[in-house]
Amino acid sequence: MASDNPSLSALAQPVVQTEPALFGAGGDSSAQRRLSSLTKEAWILASLKKRRGEFLTQHGLDVFVGTWNVNGRGPATGAELQAWLGAAGAAADLVVLGFQELDVRAEAFVYNNAAKDAEWTEAVEASLAAAAAGSGRRLAKVASKQLIGMFVMVYAQEAVAQRISGVQTASIGCGIMGMVGNKGAVAVRLAYMDTPMCFVCAHLAHDAAAVDKRNAQFHDLCKRLAFAADAEHAADPLTPRDVAGTYGGSGAADRPLTVFDHSYLVWLGDLNYRLAIDTGDMADVLARGDHAALLGLDQLRMAQLHRQAFAGFSEGEIGFRPTYKFAVGTGDYDERRRPAWCDRVLWWARPGCEDGVRCRCYTAAASVCMSDHKPVRAQLAVDAWTVDAERRRAVYLEVLRELDRFENECIPTATLEATVVDFGEVRYGQLERRRLRLANSGQVPLEYSFVATPSRAAAAAAWLRIAPDGGMLLPEQAVELELTVLVDQRTSAALSTLAEDLYDILVLHLRHGRDYFIQVQGAYQPSVFGMSLDVLVHCKSAVRSMRHADYEACLASGRFSVPKCIWSLTDFMSRYGVDRGFSLFQFPGDRALERRIRDWLDADEPLDPAAVLQWPDEGGGTGSPGPATAATAAPAEGAAPTSSRVSLTDQTL
């Protein structure tokens with residue numbers, strides 16, 4: 001899917017956004033030895049993380065997270081709950097369950113009645129107790145919160161519950177008029193030992209076209225969900241509380257807490273993100289189990305890639321079928337709706353705790369059919385800890401002294417594995433990637449960024465993207481820079497007529513260090529695709545063989561009424577695409593054949609029916625087409641083609 005014309009707007013995501021730098025900026029030696037506060041924070045955080053074993057005692061925590069949009073149905077049966085929760089739910093140290101559309105009655109919008117919550121609570125507790133029978137394990141309820149149809153409940157093993165403190169709940173509606181609780185979130189925050197964590201159960205806007213609204217609701221909920229300040233449990237386990245807000249501290253001790261003021265944030269619910277487009281062969285793809293093909297169209301992953309919502313969140317590998325929309329009581333999809341992974345479990349970890357959550361299992365209970373959604377569950381292994389505050393402070397002061405020594409030793413230096421990046425032949429609409437290794441060969445952290453030059457406002461040509469285009473490296477660390485070239489409609493005009501070459505000089509700037517120059521080059525293959533129609537109507541020969549001077553000459557000569565390439569396509573479809581017993585568009589396109597057709601058009605060669613078409617023969621098999629009519633002739637200058645019964649779409653060129 002990504003080989004067509006993917007957007008490059010999100011390919012370059014900087015690791016750390018550095019301050020703007022002048023081209024060739026220098027400075028006196030004392031200024032060059034100073035590092036920005038941003039770099040210091042990152043260096044201190046990385047150093048404390050390496051030494052955290054000296055002041056943190058780690059404890060493992062098994063967390064079961066489940067989400068289910070029950071579509072207003074009554075409590076599930078014991079068998080249905082067992083299929084969803086199973087033995088894993090009863091055996092987990094912490095159980096977090098979120099429901100959506102628990103109560104869809106109209107009066108629920110006026111009277112926030114907890115009757116439905118009580119019914120489901122009783123059914124869930126009975127199921128968990130039955131699954132744990134004979135094991136000696138008992139779950140105790142920690143907290144619950146309900147808002148109209150949204151409901152979250154948290155349970156913990158009795159031994160675990162004794163070490164839980166700081167429990168708070170919150171709810172926010174963002175549905176009708178941005179306030180009503182038909183959409184919104186309910187949340188629970190708690191601290192297990194010295195590890196604060198937050199669980200948000202959300203129900204976002206429905207409808208496939210409402211992706212921008214869902215993204216906006218995510219940010220709205222992040223801002224409005226709040227808890228009372230917690231002076232006992234710091235979200236950052238690495239930094240002493242009395243230095244919070246200096247280098248690496250959170251500074252959240254005396255203000256209301258947001259959902260991100262925790263070591264971990266788990267976000268679950270019916271997020272309602274759909275597939276961006278209908279591929280037309282959805283049933284075949286689902287039958288093959290080719291989830292990767294459909295996940296490339298998942299709106300949630302696109303929003304994460306473009307940093308529009310859920311940036312920095314992680315999710316387990318999706319190996320289950322889309323969880324929506326099913327015909328109630330069956331395992332069959334509702335043909336009126338496009339299947340989608342609406343029901344999700346994601347998590348975010350504070351810097352310094354990034355490796356603290358691992359997903360052991362992520363699946364859906366396909367056998368449960370009481371709703372139009374399938375229930376989803378995730379089993380997470382979470383690292384929790386207790387903190388030795390005195391030892392942490394001593395380590396922190398040692399790290400500061402070490403940083404001060406490094407900072408005064410030398411200026412940053414880097415090593416590039418190459419200064420010339422050659423992309424070879426580049427074709428229209430085809431992504432080409434190359435990797436370039438950048439290493440910190442100095443003794444201090446370095447900040448790098450690609451900067452503009454006096455002759456160009458941007459750091460790179462419009463057809464080139466760099467990821468990451470800036471960041472920070474500790475000594476002996478390295479990063480793989482990915483350079484991506486894509487010539488599309490925005491950038492093809494000058495390249496198609498060879499008015500410009502696929503060539504650029506990149507300037508890699510080290511903050512308080514030197515500049516490195518990287519030459520990027522490639523051989524663009526002119527194509528009728530992406531070329532202006534005003535130019536194509538003048539072309540008398542193959543665009544692939546023309547030089548820049550040839551374009552200037554042909555623009556001064558006569559013109560066809562229709563470009564030769566369009567004539568060739570319409571004539572071919574007119575002769576072979578109709579009155580043959582079935583439509584030329586009856587079968588999905590072939591990517592390899594598409595590239596051959598492009599090459600034929602670019603080389604001004606006739607399309608080969610034997611290669612393009614596979615006709616049904618008399619025996620029911622396939623074969624080459626029968627004798628063709630006279631070879632396709634190009635239109636004379638000023639002539640118009642005969643009428644065709646096959647219309648072209650905007651996607652032809």
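What you are looking at is a predicted structure, and each value in this text was computed from that prediction instead of being measured.
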Could you tell me whether the side chains of [X] and [Y] share a donor-acceptor contact shorter than 3.5 Å?
| X | Y | value |
| --- | --- | --- |
| Gln379 | Tyr362 | no |
| Ser127 | Gln82 | yes |
| Arg52 | Gln58 | no |
| Thr195 | His233 | no |
| Glu432 | Gln430 | yes |

Any sub-3.5 Å donor-acceptor pair from [X]'s side-chain atoms to [Y]'s backbone N or O?
| X | Y | answer |
| --- | --- | --- |
| His262 | Val259 | yes |
| Asn272 | Leu204 | yes |
| Trp348 | Val266 | no |
| Arg301 | Leu295 | no |
| Glu80 | Gly78 | no |
| Asp103 | Lys116 | no |

So do the side chains of [X] and [Y] get within less than 4.5 Å of each other, counting heavy atoms only?
| X | Y | value |
| --- | --- | --- |
| Met370 | Trp68 | yes |
| Met153 | Val124 | yes |
| Phe199 | Lys145 | no |

Is [Y] paired with [X] through a side-chain N to carboxylate O contact shorter than 4.0 Å?
| X | Y | result |
| --- | --- | --- |
| Asp270 | Arg344 | no |
| Asp93 | Arg137 | yes |
| Arg288 | Asp284 | no |
| Arg73 | Glu101 | no |
| Arg358 | Asp383 | yes |
| Arg274 | Asp207 | no |

- prompt: Is Arg350 positioned over the aromatic face of Phe260, cation under 6.0 angstrom from the ring centre and no more than 45 degrees off axis?
  reply: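 The answer is no, since Arg350 fails at least one limit relative to Phe260.
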Rounded to the nearest 0.5 Å, how far apart are [atom1] of [X] and [atom2] of [Y]?
| X | Y | atom1 | atom2 | answer |
| --- | --- | --- | --- | --- |
| Trp347 | Leu268 | CH2 | CG | 12.5 Å |
| Leu275 | Leu300 | CG | CG | 11.5 Å |
| Trp120 | Gln146 | CH2 | CD | 14.0 Å |
| Arg360 | Phe64 | CZ | CZ | 13.5 Å |
| Ser263 | Asp236 | OG | CG | 7.5 Å |
| Leu97 | Thr67 | CG | OG1 | 9.0 Å |

query: Can you name the one residue among Val200, Val142, Thr169 that meets side chain to side chain contact (heavy atoms under 4.5 Å, CB included) with Val188?
result: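 Option passing the side chain to side chain contact (heavy atoms under 4.5 Å, CB included) with Val188: Thr169.
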task: Just do the side chain to side chain contact (heavy atoms under 4.5 Å, CB included) check on Leu56 and Asp194 with the steps written out, would you?
output: CA-CA 10 Å; Leu56 293 182; Asp194 293 326; over 6 Å; no
Near [X] [atom1], under 6.0 Å, is it more than 12 heavy atoms from other residues, nucleotides or ligands?
| X | atom1 | value |
| --- | --- | --- |
| Glu125 | CD | yes |
| His206 | NE2 | no |
| Lys223 | NZ | no |
| Lys49 | NZ | yes |
| Glu317 | CD | no |

- prompt: Would you call the rings of Phe151 and Phe99 parallel, tilted or perpendicular, where under 30° means parallel and over 60° means perpendicular?
  reply: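 Aromatic pair Phe151/Phe99 classed parallel.
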task: For the residue pair Trp267 and Phe218, categorise the inter-ring angle as parallel (less than 30°), tilted (30 to 60°) or perpendicular (more than 60°).
output: tilted
- request: Would you please test Leu139 and Gln157 for side chain to side chain contact (heavy atoms under 4.5 Å, CB included) and show each step?
  value: CA-CA 4 Å; Leu139 288 166; Gln157 297 294 338; 3.3 Å; yes
- line: Which of Asp298, Asp343, Asn215 passes side chain to side chain donor-acceptor pair (under 3.5 Å) with Tyr273? It is Asn215
- request: Might you work through the side chain to side chain contact (heavy atoms under 4.5 Å, CB included) test for Tyr264 and Tyr192, ending with a clear yes or no?
  value: CA-CA 11 Å; Tyr264 305 117; Tyr192 175 61; over 6 Å; no
task: Please report the C-alpha distance between His59 and Met193 in whole Å, then the side-chain angles of each, then the deciding distance to 0.1 Å, and finally whether the side chain to side chain contact (heavy atoms under 4.5 Å, CB included) criterion is met.
output: CA-CA 9 Å; His59 308 269; Met193 294 184 289; 3.2 Å; yes
